[in-house]
There are 2 protein chains.
Amino acid sequence: MEVSRTAETIMDMAEMLIQTRGYNSFSYKDISEAIGIRNASIHHHFPSKTDLGVAVVKRYTLRFGQELHRLASDDSLPTMTVFERYLDPYRMLSDSQQRVCLCGSLAGEFLALPEEMRDQVNAFFAEHQSWLKAIFERALQTGEFDLPETPAKTAKLVLAALQGALLIQRSMGDIEEFDDVVASVKAMLTRNGSA
Amino acid sequence: MEVSRTAETIMDMAEMLIQTRGYNSFSYKDISEAIGIRNASIHHHFPSKTDLGVAVVKRYTLRFGQELHRLASDDSLPTMTVFERYLDPYRMLSDSQQRVCLCGSLAGEFLALPEEMRDQVNAFFAEHQSWLKAIFERALQTGEFDLPETPAKTAKLVLAALQGALLIQRSMGDIEEFDDVVASVKAMLTRNGSA
DNA sequence: GTCTATACAAAGATAGAC
DNA sequence: GTCTATCTTTGTATAGAC
């Protein structure tokens, strides 16, 4: 999917705006003023706002997905290290104090999204749950982790906690929220000091 | 704070619309059409949309807060029972398949909210974290629970997980998401079979 | 307290010149 | 590919009659 440099810049800005304000709380004007281009020019690259929204979520999910695949394919690393690397993108969001996960933000206005975007958000969460489940299964077999529940249910808990932590951290202005949740998650995963 | 029956009906509808679509994704028209009243009549009760939004969040937080206080003051109940009753309102949202927590929804568009509303959302999360911390401390002393981390950090994890679970459940259309997360949370809290 | 009418701004989108 | 100009709809809000 080849796109021009301008289209990439537009998507970068749209991604940031969705992460900070939400899909229905930003306008083409926000983008045009931020990157010095006219409203109509954005429509040239993305005819409708839905087109832009779908492109941004697809790119985000793809980018994240490639990282997931890269991480899971390295068998030499301890599972806890793999998990910590998985957390890196979240931690960058946490450090920003402004952004949350793109799909976490979109989930709050899910029923007000165009159908195509809803499908993409759904796919993002499904992919992450599935990935977490897989590494938890592996760590359970090797004895690295000691889970409170099945890998599937534990994966659901962890994903929900990470997404919720970013949202709550920003709402409370509590810079330790995310790290505290991660500390609890890690302790939960290695209850017997197994790691 | 005395309010007319009409004002209550307007707030009921606004609450539902925020929970399903988000604050910036509903309009006075949505309310006027749903409850059979004119746009201008809503402005009579709530001059600005900010006034309406603030009133809705305040009412929601107050309603929830009274329930928290009632629950925590009953010393005769096992802590797990208290925790399960705390989950009841969340489970109603989970069953709805449409609504999420009002503040969980607002958290996604936090930076696009009027300042007064942001303060209220912050207060809601702070109150719930504090309440969970208190009952976890109690259960730790009585030996009912066995926490992975400090009561404060565990409380942060639990609140984040519940909020995240509702958002993800709706996005994925997975009716078991919330129950699965709760099952993991309960198992985590009673790791030694302490309950 | 509710209504009709209307003002005003913002947002998404299109036409057509350059 | 970007621009100016414009259209249309929607959304918040107000004035004033009933």
Side-chain angles (χ1 to χ4, degrees), chain A residues 1-57 105-106 108-109 111-118 120, chain B residues 1-57 59 105-106 108-109 111-118:
Chain A
M1 195 198 292
E2 292 297 315
V3 283
S4 70
R5 188 68 253 281
T6 304
E8 287 286 352
T9 305
I10 292 167
M11 282 193 280
D12 290 342
M13 189 52 59
E15 182 175 308
M16 190 269 276
L17 286 165
I18 295 172
Q19 288 180 307
T20 52
R21 305 176 53 82
Y23 178 74
N24 285 307
S25 300
F26 86 88
S27 70
Y28 274 34
K29 192 184 174 198
D30 295 323
I31 295 178
S32 68
E33 289 178 349
I35 69 178
I37 198 176
R38 291 296 182 166
N39 184 319
S41 302
I42 304 175
H43 279 285
H44 170 75
H45 295 280
F46 301 97
S48 76
K49 192 179 176 185
T50 297
D51 295 325
L52 174 56
V54 170
V56 168
V57 187
S105 174
L106 293 173
E109 52 187 336
L111 297 176
L113 298 177
E115 192 173 351
E116 261 191 284
M117 287 184 72
R118 285 191 290 219
Q120 287 296 316
Chain B
M1 196 199 291
E2 291 296 315
V3 283
S4 69
R5 189 66 253 282
T6 304
E8 288 286 353
T9 305
I10 292 168
M11 283 193 279
D12 290 343
M13 190 53 58
E15 181 175 308
M16 192 269 277
L17 286 165
I18 295 172
Q19 289 180 305
T20 51
R21 305 175 53 82
Y23 179 74
N24 285 308
S25 301
F26 86 87
S27 71
Y28 273 35
K29 193 183 173 199
D30 294 323
I31 296 178
S32 68
E33 288 178 349
I35 69 178
I37 199 177
R38 290 296 181 166
N39 184 320
S41 302
I42 304 176
H43 279 283
H44 170 76
H45 296 279
F46 302 97
S48 76
K49 192 180 176 184
T50 296
D51 294 326
L52 174 56
V54 170
V56 168
V57 187
R59 189 183 66 158
S105 175
L106 294 173
E109 52 186 335
L111 297 175
L113 297 178
E115 191 174 350
E116 261 191 284
M117 287 184 72
R118 285 191 291 220

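So you know, we letter chains A, B, ... as the sequences are listed, proteins then strands, and number each from 1.
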Calculate the interatomic distance between [X] atom [atom1] and [N] atom [atom2]; express it in whole Å.
{"X": "A:Leu52", "N": "C:dA11", "atom1": "CG", "atom2": "P", "result": "15 Å"}
{"X": "B:Ile42", "N": "D:dG11", "atom1": "CD1", "atom2": "P", "result": "12 Å"}
{"X": "B:Lys29", "N": "D:dA13", "atom1": "NZ", "atom2": "P", "result": "17 Å"}
{"X": "A:Asp30", "N": "C:dA9", "atom1": "CG", "atom2": "P", "result": "18 Å"}
{"X": "B:Asp51", "N": "D:dT14", "atom1": "CG", "atom2": "P", "result": "10 Å"}
{"X": "A:Ile37", "N": "D:dT4", "atom1": "CD1", "atom2": "C1'", "result": "14 Å"}
{"X": "A:His43", "N": "C:dG12", "atom1": "NE2", "atom2": "C1'", "result": "5 Å"}
{"X": "A:Arg38", "N": "D:dC3", "atom1": "CZ", "atom2": "P", "result": "7 Å"}

Between D:dT12, C:dC3, D:dC3, which nucleotide has the shortest distance from any of its atoms to the side chain of A:Ala40?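 The answer is D:dC3, which lies nearest to the side chain.
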
Take B:Tyr23 and B:Lys49 through the test side-chain contact (heavy atoms from CB on, under 4.5 Å) and record every step on the way to the result. CA-CA 9 Å; B:Tyr23 179 74; B:Lys49 192 180 176 184; 3.4 Å; yes

Does the side chain of [X] get closer than 4.0 angstrom to OP1 or OP2 of [N] through an N or O atom?
{"X": "B:His44", "N": "C:dG1", "answer": "yes"}
{"X": "A:Thr6", "N": "D:dG1", "answer": "no"}
{"X": "A:Ser48", "N": "C:dG12", "answer": "no"}
{"X": "A:Ser41", "N": "D:dG1", "answer": "no"}
{"X": "A:His45", "N": "D:dT2", "answer": "yes"}

Work out which heavy atom in [X] is nearest to a heavy atom in [Y]; give both atom names and the distance.
{"X": "A:Tyr28", "Y": "A:Phe46", "result": "OH-O, 3.1 Å"}
{"X": "A:His45", "Y": "A:Ala7", "result": "ND1-CB, 4.0 Å"}
{"X": "B:Val3", "Y": "B:Met11", "result": "CG2-CE, 4.1 Å"}

Under 4.0 Å, heavy atoms only, any strand: does B:Phe26 hit a base, just the sugar-phosphate, or nothing?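 Answer is sugar-phosphate: B:Phe26 comes under 4.0 Å of backbone atoms only.
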
What is the nucleic acid contact for B:Ser27, judged by heavy atoms within less than 4.0 Å: base, sugar-phosphate only, or nothing?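 If one applies the 4.0 Å heavy-atom cut-off, B:Ser27 turns out to touch the sugar-phosphate alone, with no base involved.
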
Under 3.5 Å, is there a donor on one side chain and an acceptor on the other for A:Asp12 and A:Thr9?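 No - no donor-acceptor pair under 3.5 Å links their side chains.
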
